[in-house]
Amino acid sequence: MGPDHFQIPAGYFKSATHRLSAQDEADHYLQVSLLMTWPDLRMPGEDDATAQLGTPLPLIQVDLEHDPYRETLRTQLDPVYKRLARGGARPTTAGLNMLMLSVRAAQNRDIIVYDPEAKDGFIARCVKKRSGAKAVCHRTVTPGGGQLIRYQFDQTLLPSWRELDDAIKAKVRGFRT
């Protein structure tokens, strides 16, 4: 992807097309979507004691992309999201602040959570598509050189945002060749 080279085991690929083509020599992609289990970041279906007990592990979708011009949520925090928020920022779980973007009738359907301590720190948008559904959070990390790591996770994992962020970045670094 772009100037970056990765070697990713086929079992991580979300799409069957990528899984099959990943077994060839060297494929080049603009973007790939991967699935990983939390907290071990293994391939889905890989032997795991918790999964064998019938408790499915949470899945994290990780998209790798090369786009040097992509804006992140963090660049839009002050000029856009803080102005759209209903009320001001409120403290929430694990040192994060929360901005409510949804209307009152749609309580907690669209929120921004961010680390108020770090200028370029953690930020995610959590969206609940319909009542009764789980809220899914979306995070983009820009490690540099135009590389983007976008990942999606269940909102219940927000208390572990530091571990989640560090683990995802380390896992992607481990795929680099």
Checklist entry - Run the side-chain contact (heavy atoms from CB on, under 4.5 Å) check on Met100 and Arg109 step by step: do they pass? => result CA-CA 8 Å; Met100 300 291 295; Arg109 293 231 179 172; over 6 Å; no
Item to check | Worked verdict on Asp166 versus Arg162 for salt bridge (charged side-chain N to carboxylate O under 4.0 Å, His left out) | outcome: CA-CA 6 Å; Asp166 291 344; Arg162 287 179 182 91; over 6 Å; no
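Pro58 pairs by the side-chain contact (heavy atoms from CB on, under 4.5 Å) definition with Trp38, Leu157, not counting sequence neighbours.
In this structure, Val80 is a member of the same hydrophobic cluster as Ile123, with clusters built from ILVMFWY side-chain heavy atoms closer than 4.5 Å. Under a hydrophobic-cluster definition in which Ile, Leu, Val, Met, Phe, Trp and Tyr are linked whenever side-chain heavy atoms come within less than 4.5 Å, directly or via other members, Val172 and Phe122 are assigned to the same cluster. The hydrophobic clustering, which links ILVMFWY residues whose side-chain heavy atoms are closer than 4.5 Å, places Ile8 and Leu148 apart. Grouping the Ile, Leu, Val, Met, Phe, Trp and Tyr side chains by contacts below 4.5 angstrom, directly or via other members, places Val136 apart from Ile60.
Between Tyr114 and Leu73 there is no side-chain heavy-atom pair separated by less than 4.5 Å. Taking the side chain as every heavy atom from C-beta outward, Val141 and Arg139 approach each other to under 4.5 Å. Contact of the Tyr151 side chain with the Asp63 side chain is not registered, since no non-hydrogen atoms from C-beta on lie closer than 4.5 Å. Side-chain contact between Asp40 and Arg42 is present, with at least one heavy-atom pair separated by less than 4.5 Å. Put simply, the side chain of Asp4 reaches to within 4.5 Å of the side chain of Arg176, judged on heavy atoms. Contact check for Arg125 versus Tyr81: side-chain heavy atoms found under the 4.5 Å cut-off. Taking 4.5 Å as the limit, some side-chain heavy atom of Leu96 sits within range of a side-chain heavy atom of Asp115. Side-chain contact between Thr177 and Phe6: absent, with no pair of heavy atoms (C-beta onward) separated by less than 4.5 Å.
Annotation for His66 and Gly145: closest pair NE2-O, 3.1 Å, computed over non-hydrogen atoms. Considering every non-hydrogen atom in both Leu34 and Leu64, the closest pair reads CD1-CD1, 4.1 Å. Residues Cys126 and Leu158 approach most closely at SG-CD1, 4.0 Å, considering heavy atoms. Closest approach of Gly11 and Pro44 over heavy atoms only: O-CD, 4.0 Å. Of all heavy-atom pairs spanning Pro91 and Asn97, the tightest one is CA-OD1, 3.6 Å.
In this structure, CD1 on Ile111 lies 8.5 Å from CG on Leu101, to the nearest 0.5 angstrom. Leu57 CG to Met36 CE: the interatomic distance, rounded to the nearest 0.5 Å, is 14.0 Å. Rounded to the nearest 0.5 angstrom, Asp165 CG and Ser160 OG are separated by 12.0 Å. Between atom CG of residue Leu77 and atom NZ of residue Lys119 there is a gap of 12.0 Å, rounded to the nearest 0.5 Å. To the nearest 0.5 Å, the span separating CZ on Arg173 from CD1 on Ile168 amounts to 11.5 Å.
Using a distance-only test at 3.5 Å, with no hydrogens or angles considered, a donor-acceptor pair links the side chain of Trp161 to the main chain of Ala94. Side chain of Tyr12 to main chain of Leu41: a donor-acceptor pair is present (N/O by atom type, distance under 3.5 Å, no hydrogens or angles). Not one N or O on the side chain of His138 forms a donor-acceptor pair closer than 3.5 Å with the backbone of Val127.
Side-chain N/O atoms of Lys14 and Gln61 include a donor and acceptor closer than 3.5 Å.
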